[in-house]
Amino acid sequence: MEPLRRPRRLVEGDRVAVVAPAGPVPKDRLDAGCAVLRSWGLDVLVMPHVLDAHPSLDYLAGSDLDRARDLQQAWCDPSVAAVLCARGGYGVQRMSALLDWSAMAAAAPKVFVGYSDITALHSAFARRLGVATIHGPMVATDAFVASPSTAELLRSLLFAPSSPSSLVLGAPSARPLVPGRASGVTVGGCLALLASEIGTPTGLPSAAGSLVLLEDVGEKAYRLDGFLTHLLRSGWLDGVAGIALGSWHECEPVEELLQDRLGGLGVPVVTELGFGHGPSTITVPLGVPATLDAAAGTLTLDAPALV
């Protein structure tokens, strides 16, 4: 995949919109997360349906149509510099077909942040809009509200001019599963969502030439095996340049499984890189060129995430 269009970085006074494309949002955590954003000097716009609850399906933040409208209106609003997801859960795939992708493609690129179920939108924004996005903490989650280091890593990427040190991403726990170095454009996110998006109009058709980021939460080993096997059997991983593995929070032990399913690809694989679910996380841009060094346990951005 070629590098994608990068949005501009934020400055104090920018308006940012908070949306809930997936699961229901706790008001107390939303309020706490918005307070953090306001402390950064941002003008926070909470979209109308963020605190909605679906009348019968309690795992959704309101109706599919209302969640889609909030996201589309925020993205197409020229006064909004960034769209930040409140949380993940489930629901993005139900509403993605309701978005007017032509209207959204006509809007200027802007920052888009989320992870987990939001992986389906990262893939869609790459495929349908050609815009780089950010795999990072969400506004109404414990990691953003309760982990100052998590929030600071996101703030630094959104605001600070890039320095050589800020382009190197990693974690003390990172180590090689398969040694080597590789370069490519970053893609990926939550493993379950990547696997279920294959064959859809919004899923990326291939990861060839890319550096793939994978993580997940709360899964049995056999289900993770199934997702990885689906990526392999579908050909989605054919020609991949390298793989970076993040957290497997509350999953069954996975290291032998990851070695079994990914070790035979013949590409560098680094594990425990620090992104994904859990009490803290690092922020990783998607759709930008980067270099993976498995031995060093680092992912170095070859271009700043934002311009």
Side-chain angles (χ1 to χ4, degrees), residues 1-4 6 115 119 122 132-137 143 147-158 160-191 194 207-216 224 228 231 237 239-249 251 253-306:
M1 187 173 77
E2 294 297 318
L4 304 178
R6 291 170 293 154
Y115 71 102
T119 295
H122 288 309
T133 55
I134 295 173
H135 186 285
S147 170
S149 64
T150 294
E152 175 57 25
L153 285 171
L154 176 62
R155 190 204 65 79
S156 178
L157 185 143
L158 295 179
S162 296
S163 66
S165 62
S166 70
L167 297 177
V168 182
L169 309 177
S173 58
R175 53 192 170 78
L177 200 64
V178 178
R181 286 172 56 94
S183 296
V185 174
T186 53
V187 302
C190 183
L191 172 58
L194 289 171
S210 300
L211 296 176
V212 175
L213 281 60
L214 299 175
E215 58 88 25
D216 217 315
L224 296 172
L228 290 168
L231 294 185
L237 288 173
V240 66
I243 298 176
L245 303 171
S247 65
W248 305 96
H249 186 60
C251 292
V254 296
E255 181 153 339
E256 289 185 11
L257 165 63
L258 296 170
Q259 181 73 58
D260 177 84
R261 294 284 74 193
L262 302 175
L265 291 172
V267 302
V269 181
V270 66
T271 188
E272 299 292 342
L273 196 60
F275 62 90
H277 294 77
S280 63
T281 186
I282 69 170
T283 297
V284 184
L286 301 175
V288 300
T291 297
L292 179 70
D293 187 330
T298 58
L299 182 70
T300 302
L301 304 182
D302 295 335
L306 305 174

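In this chain, residues are counted from 1 in sequence order.
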* To do: To the nearest 0.5 Å, tell me how far L154 CG sits from I282 CD1.
  => 12.0 Å
* Asked: Which distance, rounded to the nearest 0.5 Å, do you find between the CG of L245 and the CD of E255?
  -> 9.5 Å
* Validation row: L231, L191 side chains within 4.5 angstrom (heavy atoms) -> yes
* Asked: Of the non-hydrogen atoms in A290 and D302, which two are nearest, and what is the gap between them?
  -> C-OD2, 3.3 Å
* If every non-hydrogen atom of P285 is compared with every non-hydrogen atom of L169, which pair is closest and at what distance? -> CD-CD1, 3.9 Å
* **salt bridge (Lys or Arg N to Asp or Glu O under 4.0 Å) against R155, all qualifying residues, sequence neighbours excluded** => E152
* What heavy-atom pair brings T150 and P279 nearest, and what distance separates the two atoms? -> OG1-O, 4.5 Å
* Asked: Testing I243, V269, L258, L224 for side chain to side chain contact (heavy atoms under 4.5 Å, CB included) with L214, which one passes?
  -> I243
* To do: To the nearest 0.5 Å, tell me how far E215 CD sits from C251 SG.
  => 8.5 Å
* To do: Among residues two or more places apart or on two chains, list those pairs meeting side chain to side chain donor-acceptor pair (under 3.5 Å) that have a residue in residues 264-274.
  => none
* Distance (rounded to the nearest 0.5 Å) between T186 OG1 and L286 CG -> 5.0 Å
* At their closest point, which heavy atom of V185 faces which heavy atom of M1, and how far apart are they? -> CG2-O, 3.1 Å
* Distance-only, no hydrogens or angles: does the T281 side chain make a donor-acceptor pair with backbone N or O of G276 under 3.5 Å? -> yes
* To do: Evaluate the side chain to side chain contact (heavy atoms under 4.5 Å, CB included) criterion for residues L158 and I134: first the C-alpha distance (whole Å), next the side-chain angles of each, then the deciding distance (0.1 Å), finally the verdict.
  => CA-CA 10 Å; L158 295 179; I134 295 173; 3.8 Å; yes
* **Taking every non-hydrogen atom, the tightest pair across A171 and L273** => CB-O, 3.3 Å
* Output the distance between atom OG (S183) and atom CG (D293), rounded to the nearest 0.5 Å. => 10.0 Å
* Do side-chain atoms of T298 reach the backbone of V168 as a donor and acceptor pair under 3.5 angstrom? -> no
* To do: Check whether any side-chain heavy atom of R6 lies under 4.5 Å from a side-chain heavy atom of L306, and answer yes or no.
  => no
* Asked: Could you go step by step and tell me if H122 and V187 meet the side chain to side chain contact (heavy atoms under 4.5 Å, CB included) rule?
  -> CA-CA 8 Å; H122 288 309; V187 302; over 6 Å; no
* Asked: So H277 and Y115, would you call those rings parallel, tilted or perpendicular, with 30° and 60° as cut-offs?
  -> perpendicular
* Looking only at heavy atoms, what is the nearest atom pair of A244 and L292, with distance? -> CB-CD1, 4.2 Å
* **Test item: T283 and P137 side chains (from C-beta on) under 4.5 Å apart, heavy atoms** => yes
Sequence neighbours left out, cut at 3.5 Å: what donor-acceptor pairs do the side chains of residues 259-268 make with other protein atoms?
unit_1	atom_1	unit_2	atom_2	d
R261	NH1	T229	OG1	3.1

